[in-house]
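To start, the structure itself, in structure tokens.
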Protein chains: 2
Amino acid sequence: MTKTMKEMDVLRDHLAKHQLKLTRQRELILTAFLRQEHITAEAMYHQLAKKDPHLGLATIYRTLNLFCDAGIAQARHFGTQTQYDNISHKGHHDHLICTGCGTIVEFENCEIERLQEEVATKNGFVIQTHRLELYGLCSRCRH
Amino acid sequence: MTKTMKEMDVLRDHLAKHQLKLTRQRELILTAFLRQEHITAEAMYHQLAKKDPHLGLATIYRTLNLFCDAGIAQARHFGTQTQYDNISHKGHHDHLICTGCGTIVEFENCEIERLQEEVATKNGFVIQTHRLELYGLCSRCRH
DNA sequence: TATCCTCTTGAGACGGCTTATCAATTTCAA
DNA sequence: TTGAAATTGATAAGCCGTCTCAAGAGGATA
Ligand SMILES: [Mn+2]
Ligand SMILES: [Mn+2]
Ligand SMILES: [Zn+2]
Ligand SMILES: [Zn+2]
């Protein structure tokens, strides 16, 4: 999978490898998803209702989970809902979340990632994934 | 609140400050909770069913949430369930979780915590809480 | 210790979010 | 073009945690 491979091709590749099919719905949802940094299934459902009023919510969930399997998205539980992060452009990143207004700031810190590896190694683990979320108040919400 | 204060006194203190009452159930649940590193409400429900078959699940949830308010426990969402961590002895800590066997290793890394503050400050945030979970395979599960 | 206002409990209903079910439809390899 | 296999949409079901409310318990006060 080369760096220049478009996400649609990443999806096609994953589908082929798993005997899955490319459907009109999957194309539609991928196109919409790639315009987002992160989105919930429900939000995408409402957003796409304009283009295809018959698109089912279950299909959105199934498809976003498919994107996770294909490495295009990453699920993240926030509050009671699941956010689907678009990691196709930015790659891995963590989140800073304002508990006041819900603003989400994405960040990446190599030093933290390195220390995580160090902690894991020290305990005999090999890391597969991780989750780091910082909750607090943004400057606006503190006033 | 001194360092040597026993957890039962921490609870009593919190109850007094908030016009809450010390009940038989709260004492029972606290005693059981202090024997754990972390536990789910459901698991505690089954564990305590032997001692008190009439103890309700809602009471367990309410009481564990009370412990969170009192600073004795800390809720952590893991998978679909909520784990209540016993932070009374150890204080804040993060988790290394084996995706193979479910083993959980607790750790604390000051350097990571410091870098988190740095990231927050850089983005104008003041951190209230955070969550760091490393998922991977322990040495046994890799073989 | 008895009083009595308030807090707590237990049982089950309820609610939000996600997945399972299944008949009808679509995809795509042959 | 054909047909087996995957997918879809509607909705039921499931899970987990909270809410409701009548009955019961705690504890400050006298
Ligand atoms: Mn993101
Ligand atoms: Mn723990
Ligand atoms: Zn804010
Ligand atoms: Zn393991």
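Reminder, nothing fancy here: chain letters follow the sequence lines and each chain counts from 1. All figures in this text were calculated on a predicted structure; none of them were measured in a lab.
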Check: When you look at CZ of R140(A), are more than 12 heavy atoms from neighbouring residues, nucleotides or ligands closer to it than 6.0 Å?
Finding: no
Notebook entry, point to check: Looking only at atom types and distance, does a side-chain atom of D13(B) sit under 3.5 Å from a main-chain N or O of D9(B), one as donor and one as acceptor?
Noted result: no
Notebook entry, point to check: How about F67(B) and Y84(B): are their ring centres within less than 6.0 Å of each other?
Noted result: no
Notebook entry, point to check: How is Q19(A) classified with respect to the nucleic acid when contacts are heavy atoms under 4.0 Å: base, sugar-phosphate, or nothing?
Noted result: sugar-phosphate
Check: Are D69(B) and H18(B) linked by a side-chain donor-acceptor pair shorter than 3.5 Å?
Finding: no
Next item on the list: Report yes or no: do H92(A) and E113(A) form a side-chain donor-acceptor pair below 3.5 Å?
Entry: yes
Next item on the list: Would you kindly say whether T99(A) and Q128(B) are connected by a side-chain donor-acceptor distance under 3.5 Å?
Entry: yes
Next item on the list: Ignoring backbone atoms, establish whether T82(B) has a side-chain N or O less than 4.0 Å from OP1 or OP2 of dG17(D).
Entry: yes
Checklist line | Option among R76(B), R131(B), E133(B) that satisfies the side chain to side chain donor-acceptor pair (under 3.5 Å) test with H95(B) | finding: R76(B)
Item checked: Euclidean distance, atom NZ of residue K17(A) to atom P of dA29(C) [Å, nearest integer] -> 15 Å
Checklist line | Atom-to-atom span, CG of D69(A) to P of dT19(C) - whole angstrom | finding: 11 Å
Next item on the list: Taking only heavy atoms on the protein side, list every residue of residues 48-63 of chain B lying under 4.0 Å from any atom of DNA chain C, sorted numerically.
Entry: H54(B), L55(B), G56(B), A58(B), T59(B), R62(B)
Next item on the list: Report the distance from atom CD of E27(B) to atom P of dT9(C), rounded to the nearest whole Å.
Entry: 11 Å
Next item on the list: Could I get the full list of side chain to side chain contact (heavy atoms under 4.5 Å, CB included) partners for T103(A), not counting sequence neighbours?
Entry: C98(A), C101(A), V105(A)
Note to self: Can you classify the ring geometry of F78(B) versus Y135(B) as parallel (below 30°), tilted (30 to 60°) or perpendicular (above 60°)?
What the structure shows: parallel
Notebook entry, point to check: Starting at CZ of F67(A) and ending at C1' of dT7(D), how long is that distance when rounded to a whole Å?
Noted result: 14 Å
Next item on the list: At under 4.0 Å between heavy atoms, which parts of nucleotides 22-30 of chain D does protein reach? Answer with one letter per nucleotide, 5' to 3': B base, S sugar-phosphate only, - none.
Entry: ----BS---
Note to self: For a quick test of reading the model: is some side-chain N or O of N65(A) closer than 4.0 Å to OP1 or OP2 of dT18(C)?
What the structure shows: no
Notebook entry, point to check: Rounded to whole angstroms, how far apart are CG on L66(A) and P on dT7(D)?
Noted result: 8 Å
Check: Atom OH of Y45(A) to atom P of dT18(C): distance rounded to whole Å?
Finding: 15 Å
Next item on the list: Return the value, rounded to whole Å, for the distance between atom NE2 of H14(B) and atom C1' of dC7(C).
Entry: 13 Å
Next item on the list: Please state how far atom CG in L15(A) lies from atom C1' in dT7(D), giving the value in whole angstrom units.
Entry: 12 Å
